[in-house]
Amino acid sequence: MQNVLDLTAKKAEFKQLKTYMDSIKDSQGVLMQTLHKAQDIFGYLPIEVQKFISKEMDIPLAEVYGVATFYTQFSIEPKGKHKIGVCLGTACYVKGSQLVLDKLAKELNIKVGSTTEDNLFTLEATRCLGCCGLAPVMMIDDEVYGKVDPKNIPDIIAKYKE
Ligand code: FES
């Protein structure tokens, strides 16, 4: 997928990021804070945003890219409107969460870790979500689905297409 950001359309967002960067420039961990803020503003960290941060902070682009790709909380790819996370922690795995994940991938016609062409869904595997008693568990945005049966996946997904 080609991720070219229209810089002129995002002028206000870059200005917002610059204002934030100016406000924290003397604090610790500036790059991490900046990347978090940038992801909040843009939804992900495209190369244009990484270049902007590199230039403004006067650090190599490779360093910005390295941090942006090292930490799982950052994404350099655009995310779908709805984020689906299927827990592959031990409790969920033994209760069949891999089947849930496979069914979602088939239903959405995407691979795990990618986004549907209409940008509606991003599918990811996650670690333990902290509600093992409900295994197998998945989350769609902030909503937790417990004891998920793969055969119910089409109905669950349909709700988010409305
Ligand atoms: S292992 Fe899935 S919620 Fe804990």
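Just so you know, ligand 1 is whichever comes first in the structure, and atom 1 is the first atom listed for that ligand.
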Q. Does any N, O or S atom of Cys87, backbone or side chain, fall under 2.8 Å from atom 4 (Fe) of ligand 1?
A. no

Q: Give me the ring orientation class for His82 and Phe121: parallel if the planes are under 30° apart, tilted from 30 to 60°, perpendicular past 60°.
A: tilted

Starting at [atom1] of [X], measure out to [atom2] of [Y] and round the result to the nearest 0.5 Å.
X	Y	atom1	atom2	answer
Lys81	Asn119	NZ	CG	11.0 Å
Leu17	Thr34	CG	OG1	6.5 Å
Gln16	Phe42	CD	CZ	8.0 Å

Below 4.0 angstrom from a heavy atom of [X], which ligand 1 atoms are there? Numbered from 1 as shown, please.
X	result
Cys132	1 (S), 3 (S), 4 (Fe)
Gly130	3 (S)
Ala91	1 (S)
Gly89	1 (S)

Q. So which protein heavy atom does atom 3 (S) of ligand 1 come closest to, and at what separation?
A. Leu129 N, 3.4 Å

Q: Answer with side chain, backbone, both or neither: which part of Cys92 has a heavy atom less than 4.0 angstrom from an atom of ligand 1?
A: both

Q) Are the charged groups of Lys18 and Asp22 less than 4.0 angstrom apart, N to O? A) yes

Q: Using a strict cut-off of less than 4.0 Å between a Lys/Arg side-chain nitrogen and an Asp/Glu carboxylate oxygen, indicate whether Glu124 and Lys79 qualify as a salt bridge.
A: yes

Q | contact_flag Cys131 ligand 1 heavy-atom lt 4.0 Å | A | yes

